[in-house]
Amino acid sequence: MAEIITPRTLKGFRDLLPATAIRRERLIAAAIAVYQRYGYVPIETPALEYAEILTGGGGTETDKQMYRFDDAGGRHVGLRFDLTVPLARYIAQHIDTLGTPFRGYHVATVWRGENTQRGRYREFVQGDFDIIGTESPLADIETVLVVHDVLVAMGVDRFTIRVNDRRILNALLARVGLERRAVDVLRILDKLDRVGAERVGNDLAETVGASRAQIDEVLELTMRVGPGAEVLDGFADVAGGDAAAVAAIEMLGQLMETATAVGISPNRIVLDGSIARGLDYYTGIVFEAYLDDHPQVGACCSGGRYDDLASRYTSRRLPAVGGSLGVDRLLAAVDDGADATRSAAPVLITRFGDDDGVDLLALAATLRRAGIGVEVYPDPDRIGAQLRYADRHGHRVALIIGPDERGAGEVKVKTMATGDERTVPAADVVAAVGGMLDL
RNA sequence: GUGGCCGUAGCUCAGCCUGGUUAGAGCGCCUGGUUGUGGUCCAGGAGGUCGCGGGUUCGAAUCCCGUCGGUCACCCCA
């Protein structure tokens with residue numbers, strides 16, 4: 001007898017039970033519906049790329065986290081750890097076919113060999129969307145609206161999208177003389193809400209040697225949070241007269257104006273001077289979305305403008321702005337794992353043992369042609385067991401065709417919620433079931 | 001990758017500190033009461049390598065070590 005192999009999964013990789021898998025599919029479907037409503041079209045890229053594509057010029061952190069190995073042909077390869085780098089390669093390779101501006105979305109699995117936590121896995125799904133080839137502020141604004149609409153479409157009630165712009169931070173850093181340490185400063189600033197102003201101040205002093213005055217100036221900006229004009233005024237004060245920062249502030253003002261105009265509730269989009277994003281490739285707007293009821297899972301969506309998107313792969317200038325949805329983080333927040341397995345079909349056809357049951361398949365096909373989801377119970381078990389199955393799996397209607405019904409050319413239609421039963425001619429089943437399901 | 005906590009039935013957990021006869025509970029699941037009718041109720045039942053491996057001991061779910069997995073913090077990030 002062969003030895004049994006213990007069934008198990010790798011750290012950070014997981015199976016999804018049907019209840020969770022259904023939730024994930026719904027989240028993804030909601031996001032895609034919104035993307036398409038804005039005109040984004042799907043793209044796909046391979047999971048495995050040449051390692052040099054994924055690492056070239058990248059930070060050492062991502063290099064450490066990337067799954068990489070040599071394939072059987074001796075190629076140095078790696079699994080993609082985000083969707084932005086593959087997008088950059090893809091755009092550089094295909095932009096002449098696509099033309100600009102190009103709106104694309106990419107929902108796919110990515111892999112990172114980092115330590116796990118709730119909502120943090122080594123294999124997870126992201127849903128990126130980007131506009132490539134335009135520097136218009138309208139694209140920046142649209143990107144935030146997409147995030148908003150996606151979260152609404154997913155049924156998330158309470159969330160906050162925090163928005164800032166790198167150009168303001170850059171202007172501030174230039175003014176106070178910290179521009180050469182911008183990457184370090186931004187990395188430290190990004191932790192503000194987690195570690196507090198004091199710790200950030202200390203880190204700035206220790207890591208980049210910032211003076212008390214420089215620290216105070218930086219913190220002055222990062223403490224500004226809110227949906228209103230006074231925050232923008234504050235941004236203008238810190239930024240001085242820097243032209244890029246002025247443009248950024250104007251864009252942010254237009255964003256808030258648009259949000260109001262389209263009826264977005266004020267607390268869902270706020271300006272936040274502390275949003276920096278650790279990644280140093282952002283060049284303009286930056287944003288992060290948080291679920292108000294689940295702050296511990298971190299940002300469930302983030303993004304911004306990166307105007308040198310594809311510069312590693314082409315000399316052509318390709319500005320881009322977009323966002324990345326953390327599907328599995330949203331899932332971790334939304335999924336309580338409580339539900340038992342539910343059928344995807346509202347109707348269950350029960351089966352008696354008086355014939356081979358093939359006629360049930362024909363009946364099911366008739367209902368499906370009418371757009372009604374049907375599941376056929378395969379075994380002639382006790383009718384009570386079959387109805388219990390229907391109950392447990394959430395079927396709303398059970399069809400019963402026993403010897404009596406078959407003899408009379410009828411079908412008994414049972415509404416599970418009420419227990420009501422009607423017997424109808426077989427020819428009328430579609431209408432009867434449709435009526436019960438409010439179709 | 002570093003450190004803390006956790007890992008007992010399908011699920012949530014008790015038992016572990018102070019090793020000792022057949023390892024428990026609730027929920028779920030199955031069967032019967034209802035020879036063609038679920039959800040309530042009643043009666044009964046199945047189901048456990050105590051994550052895995054090793055060690056200490058006459059004896060380990062219980063103590064020790066390792067390992068795998070989960071979780072939290074750091075780091076980083078979706």
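As the structure is a computational prediction, the values presented were derived from the model and not from experiment. In what follows, chains are A, B, ... by sequence order, proteins preceding strands, each numbered from 1.
Within 4.0 Å (heavy atoms only), A:T9 reaches sugar-phosphate atoms of the nucleic acid but no base atom. Note on A:Y389: nothing from the nucleic acid sits closer than 4.0 angstrom, heavy atoms only. Residue-level contact check: A:E123 touches neither bases nor backbone, having no heavy atom under 4.0 Å from any strand. In this structure, A:A385 reaches neither bases nor backbone, as no heavy-atom distance under 4.0 Å exists between it and the strands shown. The residue A:G419 sits close to a base: some heavy atom pair falls under 4.0 Å. When heavy atoms are screened at a 4.0 angstrom cut-off, A:G127 is found touching no nucleic acid atom at all. A:G12 comes within contact range of the sugar-phosphate backbone alone, with a heavy-atom separation under 4.0 Å but no base atom that close. In this structure, A:G384 reaches the sugar-phosphate backbone alone: every heavy-atom distance under 4.0 Å involves primed, P, OP1 or OP2 atoms, never a base.
A donor-acceptor pair is defined here as one N or O able to donate and one able to accept, closer than 3.5 Å; no such pair exists between the side chain of A:R181 and the backbone of A:L186.
Here A:R388 reaches the OP1 or OP2 of B:C30: one of its side-chain N or O atoms lies under 4.0 Å away. Residue A:R118 places none of its side-chain N or O atoms closer than 4.0 Å to OP1 or OP2 of B:A78. Taking only side-chain nitrogens and oxygens, A:Q117 comes nearer than 4.0 Å to OP1 or OP2 of B:A73. Neither OP1 nor OP2 of B:A78 sits under 4.0 Å from any side-chain N or O of A:S324.
Both distances falling under 3.5 Å, in either a Watson-Crick or a G-U wobble arrangement, occur for no nucleotide opposite B:U35. Shown here, B:G24 forms a base pair with B:C13; the pair counts as Watson-Crick or G-U wobble because both key distances fall under 3.5 Å. B:C74 is paired with B:G1 under the criterion used here, namely a Watson-Crick or G-U wobble arrangement in which both key atom distances are under 3.5 Å. Under the Watson-Crick or G-U wobble criterion, with both distances below 3.5 Å, B:U18 is left unpaired in every strand shown. Pairing for B:G59 is absent, judged as Watson-Crick or G-U wobble with the two contacts each under 3.5 Å. Pairing for B:U67 goes to B:G51, judged as Watson-Crick or G-U wobble with the two contacts each under 3.5 Å.
For A:A299, taking side-chain heavy atoms from C-beta onward, the closest of the listed nucleotides B:U31, B:A78, B:U37 is B:A78. The side chain of A:F352 lies closest to B:G36 when the candidates are B:C68, B:A78, B:G36. Side-chain proximity of A:M416 to the nucleotides B:G36, B:G38, B:A73 is greatest for B:G38. Nearest to the side chain of A:R199, among B:C75, B:G36, B:U37, sits B:C75. Listed nucleotides: B:C74, B:U37, B:G1. Nearest to the side chain of A:N115: B:G1. Closest to the A:Q65 side chain, of the nucleotides B:C76, B:C77, B:C29, is B:C76.
Projected onto RNA chain B by closest heavy-atom contact, A:L10 and A:F124 fall at different nucleotides, the more 5' of which corresponds to A:L10. If A:T418 and A:F13 are placed on RNA chain B by their nearest nucleotide, the residue sitting closer to the 5' end is A:T418.
Note: CD (A:E288) to C1' (B:C76) measures 12 Å, nearest angstrom. Atom CG in A:L83 sits about 14 Å away from atom C1' in B:C77, given to the nearest Å. In this entry the distance linking CD of A:Q386 with P of B:G39 reads 14 Å, nearest Å. Between the CG atom of A:D15 and the P atom of B:G10 there is a distance of 16 Å, given to the nearest Å. Between A:Y281 atom OH and B:C76 atom P the separation is 15 Å, expressed in whole Å. As rounded to whole Å, 17 Å separates atom P of B:G38 from atom CG of A:L399. Distance, A:R8 CZ to B:U67 C1': 10 Å, rounded to whole Å. Between A:D63 atom CG and B:C77 atom P the separation is 13 Å, expressed in whole Å.
Ion pairing between a basic and an acidic side chain is recognised when a charged N comes within 4.0 Å of a carboxylate O; A:E220 and A:R224 show such pairing. One finds no salt bridge joining A:R162 and A:E288 here, because no Lys/Arg side-chain nitrogen approaches an Asp/Glu carboxylate oxygen to under 4.0 Å. Taking the charged nitrogens against the carboxylate oxygens, A:R305 and A:D130 have no contact shorter than 4.0 Å, which rules out a salt bridge.
The base of B:A78 lies close enough to the side chain of A:E114 for a donor and an acceptor atom to sit less than 3.5 Å apart. Checked by distance alone, A:R120 brings a side-chain donor or acceptor within 3.5 Å of a matching partner on the base of B:C76. Between the side chain of A:R187 and the base of B:C76, no donor-acceptor pair under 3.5 Å is found. Applying the 3.5 Å distance criterion, the base of B:G38 shares a donor-acceptor pair with the side chain of A:D391. Taking only distance into account, the side chain of A:E421 meets the base of B:U37 through a donor-acceptor pair shorter than 3.5 Å.
Applying the salt bridge (Lys or Arg N to Asp or Glu O under 4.0 Å) test between A:E114 and each of A:K64, A:K11, A:R120 identifies A:R120 as the sole match.
Of the C1' atoms belonging to B:C27 and B:G47, the separation is 14 Å, rounded to the nearest Å. The separation of B:C76 from B:G39, taken at their C1' atoms, amounts to 49 Å, rounded to a whole angstrom. B:G26 and B:G66 have their C1' atoms separated by 35 Å, given to the nearest Å. When the P atom is used for both B:G51 and B:C6, the distance is 13 Å, rounded to whole Å. Comparing B:G1 with B:G24, their C1' atoms sit 40 Å apart, to the nearest whole Å. B:U62 and B:U56 have their P atoms separated by 15 Å, given to the nearest Å. Annotation: B:G7 and B:C52 have their C1' atoms spaced 11 Å apart (nearest Å).
The distance from atom CG of A:D428 to atom CD of A:E410, rounded to the nearest 0.5 Å, is 10.0 Å. Here A:T100 contributes atom OG1 and A:I131 contributes atom CD1; the two are 12.0 Å apart, rounded to the nearest 0.5 Å.
With contacts defined as side-chain heavy-atom distances shorter than 4.5 Å, the pair A:M416/A:L387 qualifies.
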Query raised in the report: Is there a side-chain hydrogen bond (donor to acceptor under 3.5 Å, both in side chains) between A:T45 and A:R80 once you walk through the steps?
Result: CA-CA 9 Å; A:T45 72; A:R80 62 180 172 221; 3.2 Å; yes
